[in-house]
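So that the names make sense, note that chain A is the first sequence line, chain B the second, and so on, each numbered from 1.
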Amino acid sequence: MKKRRGSYTVYVVLAAAMLFSLFYESFRPRSVETVTVISGVGIEKGENGAIKLSIQAIKPKKDDGGSSTSACIVLSGEGNTVTQAVEAIVLKTGSVLFWAHCAIIVLNSELASENVTPHLDMFFRSIDFRNTASVIVTDESPEKIFNANTVFEMVSALGIRKLLDDQDFNSNSVYTSLKDLYQNYYGKSASSVVAGISVMDIEQNDSDSKSKNTASDESSSQKSQSQTSQTIRLSECAVMGDGKFKGYLTEDELNGYQWITASMNAQIMTLENVMIDGVDNTVGLSLFDIRVRTKPSVENGINNLKITVNAKMEIIYLKNELKVKDVTQEGLNERLNEINNILSDEIEREVNLACEKMKEYDCDFCGIKNLFYVYFGKEWLTKNIASVQEMISQMNIECDVTGVVVSGGLNKRFDPNG
Amino acid sequence: MQNKIKLKAKELFYMLIVTIPPLLMLFIPNYATIFIGVDAWLLFLLLSVIDVIFAFVIVKIGMMSENKTVVGMLRYAFGNVAGTVFSSLFVILFAFKSMMVFRQAIEYIYMTTHTLEPIYYFAIPMIAMMIFSQYKGINSIVRISGIIFFLMVFSYFMLIVSAVKDFDLKNLMPILDNGITPVIQALPHFFTWSGNAIILLVLFKKTEMSHGIKKFVMAGCAISYAIVFLLDLLYIGVFGVISGFITSSVLELSLFMNSEIFFGNFDAIIEIIWVFSTYLRDSILIYCTIESFSELVSIKNKRIVNTLIPLALTVPALITFRNEEMYFIIAMGTTSIICGIIQYGGTLLLWAGLKIKTIKNKRMLDKGYNVIS
């Protein structure tokens with residue numbers, strides 16, 4: 001009897017669930033078909049001081065073969081605030097904007113010259129929005145960025161994110177997420193470095209494969225259509241201080257920033273006009289497995305910053321050959337030491353360039369103030385209330401570089417005839 | 001319908017690891033950082049130490065007074081009148097905790113679905129499930145923990161892996177820049193979510209009090225709080241000064257696991273797994289409320305209270321706390337201090353009472369009197 005009652009319970013639960021599902025629509029749920037899935041968002045100045053918000057929405061569709069593909073659509077709206085601009089977009093989509101898949105936030109540099117954090121507040125506050133989205137600054141209109149292509153992705157916002165993922169690993173750009181931007185903004189240095197992008201024209205050759213098989217004249221098989229398309233590329237990284245765009249960094253300054261912030265992962269370095277074995281040379285080095293440590297210290301009231309770099313390197317280019325023949329062990333050691341010294345000088349140069357930029361922008365984008373605060377607490381801050389220029393000028397920055405050549409490749413141009 | 005087979009110590013171990021950590025990893029680290037800053041991890045260290053010691057005391061109580069719930073224990077230790085008055089405080093404590101935990105669970109589910117669905121769409125099935133589970137009995141509820149135990153452990157492990165890459169020790173520094181005072185001052189405001197081993201004072205009646213019970217319960221509590229401490233530490237170590245902005249707290253770490261290649265939205269998997277935990281946690285607390293209340297007012301047939309009490313606890317929780325902020329203002333106010341006094345103070349008193357009673361009984365036995373335990 002007990003067994004039967006138990007089985008009845010299952011039927012009752014199933015019946016209740018079925019009944020409940022009949023009323024599903026009564027609860028006015030929003031399924032994925034009725035929301036606008038956003039892949040990227042851009043903010044720029046609109047007309048009459050308004051905020052112009054552009055979104056790139058993913059538009060699922062089926063191709064001729066029936067398989068699902070995705071294309072995208074770019075929509076814009078204006079308003080005095082970001083939320084008003086969102087409402088203007090909703091008037092066009094007629095559906096709720098779904099931010100969870102938004103991969104990038106593109107800020108126009110003109111708009112970013114004012115504090116952008118109030119404009120980004122909605123995204124950071126929202127529980128819909130994933131704060132791993134990357135923040136990017138550009139001189140172009142975000143609308144133009146979203147309408148351009150990336151080399152391999154159909155949805156450009158996702159393509160840009162992929163670009164940044166890869167370049168960040170190679171240290172050619174930075175991946176600053178919304179989380180990082182806010183974390184730095186509320187930190188003692190109140191500044192960040194974010195990625196920059198621009199649009200370039202490229203020639204695209206589309207060979208018409210069908211014409212190859214069907215066309216009667218031979219010329220048509222070789223015919224290819226050439227068209228110009230706009231493609232997105234990564235450009236100089238931008239400095240954001242107190243939420244405002246300050247300017248761009250050159251490649252060397254970016255390297256300096258990455259040495260100071262210990263965020264350098266790998267680098268390819270070309271050193272020109274360097275003397276090795278008494279010969280004027282040009283050397284290409286590939287640095288990898290880089291480990292950087294920064295150690296602040298205060299001695300006799302002077303702030304010191306020691307940057308210790310340990311890296312493995314490979315010599316990938318030599319203008320003038322360095323022969324391995326007849327080189328003694330001591331001679332080879334000397335040669336490697338020379339390369340290490342050259343590397344050390346180069347890193348020091350890049351660090352100094354970054355420091356000069358910090359002074360120029362009056363912005364501690366390398367987070368030095370934050371670093372000292374972390375080690376020495378609020379007591380350090382009260383003693384060091386000087387401007388960034390003063391702080392950098394009065395600071396001793398020392399670089400200790402150890403580069404281990406793991407592959408010299410000096411026998412690559414071995415001459416069998418001597 | 002009720003299962004007469006008693007719970008095993010191992011099942012309690014599973015239950016503790018499944019239900020305790022998410023409670024202290026959702027919203028709470030966020031609010032702890034608002035109050036204390038990046039030193040909030042110390043608060044979780046303190047809470048963990050207190051709660052593991054607390055669990056030890058609870059096991060001791062359980063061993064001293066078998067086959068009784070907290071009401072029976074209190075009546076035995078302090079007599080009928082004082083014991084009943086004292087017990088009513090524990091019933092209120094269980095009821096309050098049930099309400100709070102339910103609202104937290106609903107906020108969590110609402111948040112994880114990106115607010116696309118209306119809140120009652122989740123609340124109604126959840127209440128229905130909790131009422132249904134009361135009819136099935138505590139054994140069924142606790143045994144679900146065994147089923148989802150490995151999923152939960154997997155979720156904790158993945159969160160740790162996910163956080164390690166972005167963890168930066170500098171985010172936790174400078175340590176105690178404002179001294180230890182803010183941490184100590186904030187501690188009483190988090191008692192609403194601590195002292196969770198209190199449920200064992202009701203569950204022990206339905207548990208086989210074998211020798212292994214101490215080992216399993218202590219191991220369950222120690223591991224649970226180690227997970228809480230580690231993940232909260234990682235959370236603050238990843239988000240640093242902005243930890244106070246991230247409502248979903250530790251769950252947010254799952255975002256860093258998202259990958260283009262395998263799991264585009266890995267966080268969704270963790271979110272679904274944790275829904276089981278929230279359901280179990282609240283079902284157990286509601287069970288404790290029903291059980292202790294029924295014993296307090298001598299209700300033999302629990303058919304009606306099994307429906308009425310879950311409704312009386314969950315529906316007001318939905319209406320009273322209009323939003324997450326309101327919920328936290330109430331949960332972290334005076335109620336939290338009262339919670340601490342009842343759960344820690346009350347339990348210590350009970351332990352002392354039982355200890356005195358045991359010594360008294362021993363003396364009586366030595367004198368040749370019969371003792372009713």
- Hey, which of Ile175(B), Val238(B), Thr247(B), Leu169(B) has the most heavy atom pairs under 4.5 Å with chain A?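 Most pairs with chain A among the choices: Val238(B).
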- If you tally heavy-atom pairs under 4.5 Å against chain A, which of Asp177(B), Leu172(B), Asn171(B) wins?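 Of the candidates given, the most pairs with chain A belong to Asp177(B).
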Quick check on [X] against chain A: is it the side chain, the backbone, both or neither that has a heavy atom closer than 4.5 Å?
X	value
Val38(B)	neither
Asn178(B)	both
Leu176(B)	neither
Phe239(B)	both

- Task: Identify the two heavy atoms, one from Val241(B) and one from Gln183(A), that lie closest to each other, and give their separation to 0.1 Å.
- Result: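 Shortest heavy-atom separation between Val241(B) and Gln183(A) comes out as CG2-O, 3.6 Å.
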- Do the side chains of Glu252(B) and Asn131(A) get nearer than 4.5 Å, heavy atoms only?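 With C-beta onward as the side chain, the pair touches.
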- Which bit of Asp180(A) is near chain B, if near means a heavy-atom gap under 4.5 Å: side chain, backbone, both or neither?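 Contact with chain B involves no heavy atom of Asp180(A) at all.
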- Select one option (side chain, backbone, both, neither) describing which atoms of Phe124(A) are under 4.5 Å from chain B's heavy atoms.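 For Phe124(A), side-chain heavy atoms alone lie under 4.5 Å from chain B.
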- Message: Can you tell me how the ring of Phe245(B) sits relative to the ring of Tyr186(A), calling it parallel under 30°, perpendicular over 60° and tilted otherwise?
- Response: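 Ring orientation, 0 to 90° scale: tilted.
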- Query: Does atom CZ of Phe157(B) have more than 12 heavy-atom neighbours from other groups under 6.0 Å away?
  - Reply: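 Incorrect, the count does not exceed 12.
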- Using a cut-off of 6.0 Å, state whether more than 12 heavy atoms not belonging to Ile319(B) lie near its atom CD1.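 Count over threshold, so yes.
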- Item | Atom pair CD1 (Ile242(B)) and CG (Leu181(A)), whose distance is rounded to the nearest 0.5 Å |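 That separation rounds to 9.5 Å.
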- Item | OH on Tyr373(A) to NZ on Lys170(B), rounded to 0.5 Å |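 Here the rounded value is 15.0 Å.
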